[in-house]
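Written below as structure tokens is the structure these notes are about.
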Amino acid sequence: AGMRFPTLTFLVPQGSAERVRDRIGTWQEGDTCPTVVTTYDAFMAARPDIVVECASQQAVTMYGADVLAAGVPLVLASVGALADDDVRTSLQRAASFGGTRYLVAPGAIGALDVLVAARLSGLREVIYHSRKPPQAWRGTLAEQKMSLDTLSVPEVFFDGTARAAALDYPKNANVAAAIALAGVGFEKTRVRLIADPGITGNIHEIVFDSGCTTVSIRLEGRASPDNPRTSQTAGYSLARLVINHVTCEVI
Ligand SMILES: NC(=O)C1=CN([C@@H]2O[C@H](COP(=O)(O)OP(=O)(O)OC[C@H]3O[C@@H](n4cnc5c(N)ncnc54)[C@H](OP(=O)(O)O)[C@@H]3O)[C@@H](O)[C@H]2O)C=CC1
Ligand SMILES: O=C([O-])CC(=O)C(=O)O
């Protein structure tokens with residue numbers, strides 16, 4: 001209700017353009033048909049109302065400040081980029097300069113609303129566990145800590161701060177950064193990363209205690225068909241933020 005459908009423009013690497021165009025095919029919503037571009041200049045020439053980053057922490061560093069300085073609101077999926085204080089400061093300065101803001105997507109964990117509310121009431125401790133099947137940890141530092149191929153029982157291979165998790169596991173632990181920002185910060189948020197051969201989805205658990213509520217939330221996300229690291233929830237979470245940008249009833 002009260003929603004106009006947005007025209008979508010995708011900025012993708014040159015080598016991926018054909019694949020993305022094929023996938024879009026003849027998809028059309030209302031009068032609009034998505035377009036695919038391969039340069040930042042062509043992308044910004046489309047004069048976006050909002051930009052959604054769903055690429056990489058590196059992409060946030062490359063484009064984030066420019067988008068914000070141009071006055072365009074930016075949604076972040078690769079929230080772990082904000083674990084680097086220099087990146088975060090540059091985005092904040094650019095947003096202030098452009099008179100706009102960036103939005104941290106709740107992504108695969110959701111639940112950030114109650115975490116922020118709990119913080120306002122006095123938050124004591126926040127613990128986040130991310131449990132994924134071994135293949136989701138391929139190509140990461142986890143490979144140096146255990147043999148993913150022969151794992152027969154769940155193994156905690158990382159136990160540390162949200163900052164270290166987000167920066168050392170940039171394709172797997174953006175959620176840790178979102179939780180840190182919503183709650184007690186990058187240093188105080190305790191994160192455990194677990195490889196579990198007995199599961200197929202990505203299980204996220206968050207536990208915290210506060211003045212107004214004691215919370216324990218568990219999400220069992222179905223893995224994205226193209227990328228076992230990524231829970232499908234994350235994409236829908238981004239869609240929600242876009243819908244909220246174009247609708248009069250924000251939920
Ligand atoms: N906050 C959250 O809850 C979650 C966050 N994420 C994060 O969201 C991001 C997207 O996830 P997902 O789609 O699964 O990731 P994928 O790696 O599967 O896809 C990312 C795509 O973005 C492209 N890309 C990466 N960097 C750039 C760049 N600098 N410029 C242009 N294109 C770029 C990649 O290009 P190429 O094909 O050339 O590699 C790739 O096609 C990731 O950073 C992921 O870690 C994911 C899940 C949950
Ligand atoms: O999608 C997920 O399960 C979480 C994820 O990759 C991230 O936090 O970067």
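Read the numbers this way: they start at 1 and go in the same order the structure lists the ligands and their atoms. When a residue number appears, it is its place in the shown sequence, counting from 1. What you see is a predicted model, and the numbers here were worked out from it, not measured in a lab.
- Listed by number with element, the atoms of ligand 2 under 4.0 angstrom from any heavy atom of His204 are 2 (C), 3 (O), 4 (C).
- No N or O atom of Tyr128 sits closer than 3.5 Å to an N or O atom of ligand 2.
- For ligand 1, the atoms sitting less than 4.0 Å from at least one non-hydrogen atom of Met62 are 29 (N), numbered in the order shown with element in parentheses.
- For atom 19 (O) of ligand 1, the nearest protein heavy atom is 4.0 Å or more away.
- Among all non-hydrogen protein atoms, the one lying nearest atom 1 (O) of ligand 2 is Ser231 N, 2.6 Å.
- For atom 38 (O) of ligand 1, the closest heavy atom belonging to the protein is Pro13 CG, 3.3 Å.
- Contact atoms of ligand 2 toward Asn172: 4 (C), 5 (C), 6 (O), 7 (C), 8 (O), 9 (O) (distance under 4.0 Å to a heavy atom of the residue).
- With a 4.0 Å heavy-atom cut-off, ligand 1 is reached by no atom of Ser224.
- Some N or O of Thr230 is nearer than 3.5 Å to an N or O of ligand 1, by distance alone.
- Contact analysis leaves Gly235 out of contact with ligand 1, as no non-hydrogen atom separation drops below 4.0 angstrom.
- At a 3.5 angstrom cut-off on N or O pairs, Lys132 counts as close to ligand 2.
- In this structure, atom 22 (O) of ligand 1 has protein heavy atoms in its sub-4.0 angstrom surroundings.
- Not close to ligand 1: Val12, with no non-hydrogen atom less than 4.0 angstrom away.
- The residue from Ala166, Ala177, Ala77, Ala55 that puts a heavy atom closest to atom 4 (C) of ligand 1 is Ala77.
- In summary, the atoms of ligand 1 found under 4.0 Å from a heavy atom of Ser56, numbered by their order in the structure, are 25 (C), 26 (N), 27 (C), 43 (O).
- Heavy-atom contacts of Thr230 reach the following atoms of ligand 2: 1 (O) (cutoff under 4.0 Å).
- Set against the non-hydrogen atoms of Ala108, the atoms of ligand 2 under 4.0 Å away are 1 (O), 2 (C), 3 (O), 4 (C).
- Ligand 1 places these atoms under 4.0 Å from at least one heavy atom of Ser16: 37 (O), 38 (O).
- At least one heavy atom of Cys54 sits less than 4.0 Å from an atom of ligand 1.
- For atom 44 (C) of ligand 1, the protein comes within 4.0 Å by at least one heavy atom.
- Set against the non-hydrogen atoms of Lys171, the atoms of ligand 1 under 4.0 Å away are 45 (O).
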**From CA spacing to verdict: side chain to side chain contact (heavy atoms under 4.5 Å, CB included), Glu125, Val184** = CA-CA 7 Å; Glu125 190 184 25; Val184 291; over 6 Å; no
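- Those atoms of ligand 1 with a heavy atom of Ser78 less than 4.0 angstrom away are 7 (C), 8 (O), 9 (C), 42 (C), 43 (O).
- Residue contact check: Lys171 has heavy atoms under 4.0 Å from atoms 6 (O), 9 (O) of ligand 2.
- Listed by number with element, the atoms of ligand 1 under 4.0 angstrom from any heavy atom of Ala234 are 47 (C), 48 (C).
- Every atom of ligand 1 is numbered from 1 in the order shown, and the set under 4.0 Å from a heavy atom of Pro170 is 45 (O).
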